Protein chains: 2
Amino acid sequence: MATPVESAPTKQRILDSTAAQFMRHGYTGTGLKQIVAAANAPFGSLYHHFPGGKQALGVEVIHRSGAMYGDLVMSVFDAAPDLLTGVHDCFEGAAAVLVATDYADACPIETVALEVASSNEPLRVATAEVFESWIVSASARFRAAGLDDSTARELAIAFISLLEGAFILCRASRTTEALEAAGRTAAVVVEAALRDAGVS
Amino acid sequence: MATPVESAPTKQRILDSTAAQFMRHGYTGTGLKQIVAAANAPFGSLYHHFPGGKQALGVEVIHRSGAMYGDLVMSVFDAAPDLLTGVHDCFEGAAAVLVATDYADACPIETVALEVASSNEPLRVATAEVFESWIVSASARFRAAGLDDSTARELAIAFISLLEGAFILCRASRTTEALEAAGRTAAVVVEAALRDAGVS
DNA sequence: GGGCGACTAGATAGATCGCTCTAGCGGTAA
DNA sequence: TTACCGCTAGAGCGATCTATCTAGTCGCCC
């Protein structure tokens with residue numbers, strides 16, 4: 001995803017290149033020239049595939065990257081033997097990716113989300129839709145473990161907040177301390193909720 | 001802080017104006033022309049007071065806004081009768097500010113922190129210094145409540161991560177649900193830590 | 001083979017970017 | 001008064017931004 005594949009179709013290379021740049025430099029910090037250069041695509045192709053310009057490209061990248069990242073996290077839960085291990089693995093895996101990419105690849109949309117929240121309504125809505133879909137997906141996992149609806153949703157929001165917040169601290173400090181602390185905290189909270197529900 | 005005072009010195013008006021714009025539009029999204037326009041200052045004054053240009057201005061704004069916000073949060077803890085109430089009040093107060101400012105004023109540096117983490121080393125270092133100072137301040141509060149050093153630091157990081165992460169979700173969705181959920185989660189974690197330490 | 005649509009390719013427009021430059025104002029000290 | 005200095009004031013530079021425009025290339029179907 002980060003490195004565009006030479007053989008892939010132009011439109012996909014542009015999407016991949018844009019997603020990679022959004023993570024590192026945000027929306028306003030990413031120029032269309034850089035996007036096509038990194039994608040090895042001609043400038044004209046960008047406006048052929050995305051007649052709506054930068055904003056339309058942004059909306060599509062947010063939805064696409066958001067769905068991919070959501071699937072990635074859910075696959076970590078799938079691979080784990082139980083919910084608590086899954087929560088732990090998410091934070092550990094995120095820390096590993098962060099270190100492997102020199103603290104560049106965290107959440108694919110959080111930087112853009114903050115940038116556009118007060119200045120670009122279509123993009124703000126796109127990020128909101130992605131976050132809501134993540135909350136719904138995570139809630140389903142918590143419900144499947146035996147928690148009631150409102151507790152599951154609250155835990156899902158706390159889980160995502162801890163992850164996103166820890167990403168900020170980790171990328172700023174260039175350490176994984178925050179993800180480790182947030183991961184342990186998330187585990188504590190989930191464990192407590194399971195105990196309260198009499199499931200564990 | 002958000003609205004520059006007409007009578008304040010030019011340099012301070014520029015700093016205030018910049019801080020306000022950074023929250024809403026981020027670092028790259030904020031132009032120097034907009035800054036001086038909003039500050040009612042001549043363009044030349046900007047480079048008189050900040051010979052280092054936009055980057056130097058950014059570093060000073062990050063440190064200044066970071067210190068002010070840290071003091072604000074600490075004053076909430078001071079006003080609360082106990083630690084648990086203080087934690088709760090922080091999230092509730094943050095939600096109130098968010099609603100009052102049409103979901104614009106959250107953390108003054110998180111947007112900038114994500115934008116510059118992989119592209120501007122001096123600014124990245126500045127944000128890291130601010131976050132570390134917050135962690136140290138919050139840790140002191142938790143230690144004062146009877147928790148040991150490592151637990152206090154871990155709780156401080158979790159507290160800040162929950163707050164920053166919830167800000168992202170709230171600004172994207174234009175609701176306060178995430179801050180409410182994160183606030184309850186933070187309270188649960190702190191309460192559990194106090195119980196484990198036999199303090200509560 | 002001829003025509004057509006999808007796509008490539010890049011020059012270019014108009015606006016805005018960060019930044020530099022010179023000129024001038026107003027208060028203070030010699 | 002004259003010289004100086006902190007600061008105001010804004011014109012203007014080269015670069016870069018998003019977006020548009022025309023021209024050319026490719027494969028596919030009739």
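Because the structure is a prediction, the values reported are computed rather than measured.
- Look at NE2 on H49(B): it is 18 Å from P on dG18(C), rounded to the nearest Å.
- The interatomic distance linking F50(B) (CZ) with dT20(C) (P) rounds to 15 Å, in whole Å.
- Where K33(A) and Y47(B) meet DNA chain C, the nucleotide closest to each residue was compared, and K33(A) sits on the side nearer the 5' end.
- Following rounding to the nearest Å, L32(B) (CG) and dG10(D) (C1') show an atom-to-atom distance of 15 Å.
- If you find the closest nucleotide of DNA chain D to T30(A) and to G44(A), the one lying nearer the 5' end belongs to T30(A).
- Among the atoms of the strands shown, only primed sugar atoms or phosphate atoms (P, OP1, OP2) are found under 4.0 Å from some heavy atom of Q34(A).
- Here T10(B) reaches the OP1 or OP2 of dT8(D): one of its side-chain N or O atoms lies under 4.0 Å away.
- Under 4.0 angstrom from either OP1 or OP2 of dC7(D) there lies no side-chain N or O belonging to S45(B).
- At whole-Å resolution of the value, NZ in K54(A) and C1' in dT16(D) are 12 Å apart.
- Look at H48(A) and you won't find any side-chain N or O under 4.0 angstrom from OP1 or OP2 of dA9(C).
- Atom pair L46(A):CG and dA6(C):P shows a separation of 18 Å (rounding to whole Å applied).
- Nearest to the side-chain atoms of F43(B) among the listed nucleotides dT8(D), dT20(D), dC19(C) stands dC19(C).
- The nearest whole Å value for the distance from the CD atom in Q21(B) to the P atom in dG18(C) is 11 Å.
- A pairwise comparison of heavy atoms in G53(B) and Y47(B) identifies CA-CE2, 3.5 Å as the closest pair.
- For K11(A) and F50(A), the positive end sits near the middle of the six-membered ring, less than 6.0 Å away and at most 45° from its axis.
- Remark: C1' of dG10(C) and CG of N40(A) are 15 Å apart, rounded to the nearest angstrom.
- In summary, D148(A) and R143(A) do not engage in a salt bridge, as defined by a charged side-chain N under 4.0 Å from a carboxylate O.
- Distance NZ (K11(B)) to P (dT8(D)): 11 Å, rounded to an integer number of Å.
- Taking 4.5 Å as the limit, some side-chain heavy atom of Y27(A) sits within range of a side-chain heavy atom of N120(A).
- Between the side chains of S119(A) and R24(B), no donor N or O sits under 3.5 Å from an acceptor N or O.
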